[in-house]
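In the text below, chain A, chain B and the rest are named by the order of the sequence lines, each starting its count at 1.
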Number of protein chains: 2
Amino acid sequence: MEPVYPQPLVMVDTALFTIRDERLCLILARRKEPPFEGLLALPGGFVHAQEDADTEAAARRVIRGKIGFDAPYLEQLFTFSGAARDPRGWSVSVVYYALIPWSLLEGNPSAEVFPVDALPPLPFDHGQIVAKAVERLRGKATYSSLPAFLLSAEFTMNDLHRIYEQTIGARLDKASFRHKILGQDIIEEMPNRFRTGAHRPAQLYRLSSKALTAFERKI
Amino acid sequence: MEPVYPQPLVMVDTALFTIRDERLCLILARRKEPPFEGLLALPGGFVHAQEDADTEAAARRVIRGKIGFDAPYLEQLFTFSGAARDPRGWSVSVVYYALIPWSLLEGNPSAEVFPVDALPPLPFDHGQIVAKAVERLRGKATYSSLPAFLLSAEFTMNDLHRIYEQTIGARLDKASFRHKILGQDIIEEMPNRFRTGAHRPAQLYRLSSKALTAFERKI
DNA sequence: AAATGTTATTTGCAAAAAACAAATAAGTCT
DNA sequence: AGACTTATTTGTTTTTTGCAAATAACATTT
C-alpha cells in the first residue's frame, strides 16, 4: 500500500527564543554541511525513523543537540513546504519553537545568540519562519503565561513584568499587569521567599501548577 | 545530498467546517480505498510532487475534489506524525481547516455532513485532529472575524451574531456584540441594502477590506 | 387607515476592568 | 537617623461589558 508518488524530504527546524540583556533573541547554529555550509541558520535536521517517535521527538533531539538539555517550553509552530525552499529539492519542514531562560544558557557561545531585530541573513526560508515564530510568540504572550517560561523557576513580579514587555514589545501598566496576572492564578507566591538587593526586597513567585499543566496540554 | 534515512509518507487531511441548521458541522468523505475502506473520515490524500506546489496547494486540491470549489477560508492547523497513526506505516499529515458557508453547499449529500458533537467514530487519529480543529476555531472566533467566513458575502448583524454564538458555543449579548464588532472595523454597511422579510428590514453588511487582507495574511 | 405583531436597532444605566497617577512600604547605604 | 531606591498598594478616571428596556421599521391583519 505504498503511495506511487515520490515523497518529499521531511525535516524539523527550531526557533529557540531566549531573552538576553532585556532583548528577545534567537539561538542560531552554524551549518556543518552543505547546502549553505558555514552559515548561521535555525537548528534543524532530518526526522530519523529509528530515533524519533514523531516530529516533536525529532525537535527535542535537535534542541538537546544544540543546548544540551530540554527546553522548558516547546510547541509546534507551522509546517513549511515546497520545491524551492531547499536546494536539495522538494521538502517539508515541521517547525517548532521553544522558550529557554537565559540563565540556563550562560556559557553558551553568545556569538550564536542574536536579537530578533538584528539577525544575520538566514538561508532557506528561515527568515519567513522567524517572522512567523515571533508573530506567534507575541500573539500568545498577550493572553497567556507563556513568557514566564523565559524566566527561571523563581522570579519577581518585576521580572515577569519586564519579560512580558519585552516579548510583546510594548509598555504595560505596572498596577494593571500585577492585578491581571494575580487574577489568573498562573503564578503563586513562594511563602517567605524574597529577592533581596540594595533596596526593598521583592516577593518571589513561581508558576502555579495550573499554568504548568495548562501548557503541557498546549493551550 | 539525499538523506540516508528512510522518509515518512507525507499526506494532507482537511477539517471542513460549515454551519447547517444552526449547528457547527464537519464534512466527511467515505474512503474509497484501504485502509478503512468504506468508512467516513476527514477528506485527505497524498501530496503530489507534480501537481502540488506545497501542502496548502495539496489541501486546496483535496477540497476542490470534495466540494467542487475553493473554500473561502483555509488555514493550516497542525502537523500530526508518528509510526502508529496510519497502518501503512510511518507518516506525517499536514492538516488544514477550512470554513465554508452552508449556502454554497446546498445539494451536497447531507449524509456526509455531521454536527461536530455527533460525529461517527473516525479512523486513524482523526478524532484527535477534529478536537484540535474545533479548539482552534473556537479560540480564534472570540477575537477575530473568522466566523464571518461561515456566512455568505452579505449578511445581517443578527446572522453574524448567531454564527459567533454557534462557533463559540455560548451566548453573547446583542448590544455588546454589535458595539464590539462595529468598533473593530471588520465589517462595513452595504449602503442602502437591506434584508427585507415579514418585519423590520435588517441592514446588510459585508467583510471590510481590512478583515479580508488581515486573513489573507493569516492573522 | 389604524392597530398589531415581530424583528431590528438604539439607549441608558450599573458593574467590572483597565489606564493613569500618586502614595506608601521596606529595605540598603551613608 | 535620613536619604535613596525599588516594591507594592491605593485612589481616581476612563473604557468596556452586561443587562434591561425603549424605540424604529416594516408586513399583516382589522
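- When the options B:Met11, B:His126, B:Arg85 are evaluated for a side chain to side chain contact (heavy atoms under 4.5 Å, CB included) with B:Phe80, the one that passes is B:Arg85.
- Between the CG atom of B:Leu182 and the P atom of C:dT10 there is a distance of 8 Å, rounded to whole Å.
- Summarising the local packing, CG of B:Asn192 is surrounded by 12 or fewer heavy atoms from other residues, nucleotides or ligands at distances under 6.0 Å.
- Between the P atom of C:dA23 and the NZ atom of A:Lys174 lies a distance of 17 Å, rounded to the nearest Å.
- Between the CD atom of A:Gln184 and the C1' atom of C:dA17 there is a distance of 13 Å, rounded to whole Å.
- Atom-to-atom, CZ of B:Phe194 to C1' of C:dT7 comes out at 14 Å; the value is rounded to the nearest Å.
- Counting only N and O atoms by type, the side chains of A:Ser93 and A:Asp13 include a donor and acceptor under 3.5 Å apart.
- Both A:Thr196 and A:Ser176 sit near DNA chain C, but only A:Ser176 has its closest nucleotide nearer the 5' end.
- Screening A:Leu24, A:Leu150, A:Asn158 against A:Ile163 for a side chain to side chain contact (heavy atoms under 4.5 Å, CB included) leaves a single residue, A:Leu150.
- Atom CG of B:Leu172 and atom C1' of D:dT17 are 12 Å apart (whole Å).
- In summary, the side chains of A:Gln203 and A:Tyr205 do not present any donor paired with an acceptor at a separation below 3.5 Å, with no hydrogens or angles considered.
- Rounded to an integer number of Å, the gap from A:Lys180 NZ to C:dA17 P is 11 Å.
- Spacing between atom NE2 of B:His179 and atom P of D:dG18 amounts to 13 Å, rounded to whole angstrom units.
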Between B:Arg23 and B:Asp117, does the side chain to side chain contact (heavy atoms under 4.5 Å, CB included) criterion hold? Intermediate values first, please. CA-CA 9 Å; B:Arg23 299 179 77 181; B:Asp117 47 13; 3.1 Å; yes

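- Ranked by how close their nearest DNA chain C nucleotide is to the 5' end, A:Asp173 and A:Gly197 are led by A:Asp173.
- One N or O donor and one acceptor, one from the side chain of A:Arg200 and one from the base of D:dA7, sit under 3.5 Å apart.
- D:dG18 atom P lies 13 Å from atom CZ of B:Phe177, rounded to whole Å.
- Across C:dA21, C:dT6, D:dA7, the shortest atom-to-atom separation from the side chain of B:His199 is found for C:dT6.
- A 4.5 Å side-chain heavy-atom check between B:Phe17 and B:Val134 finds at least one atom pair inside the cut-off.
- Within residues 149-171 of chain A, the residues that have a heavy atom under 4.0 Å from DNA chain D are, in order of number, A:Met157, A:Asn158.
- Side chain of A:Arg178, nearest nucleotide from D:dT10, D:dC26, D:dT8: D:dT8.
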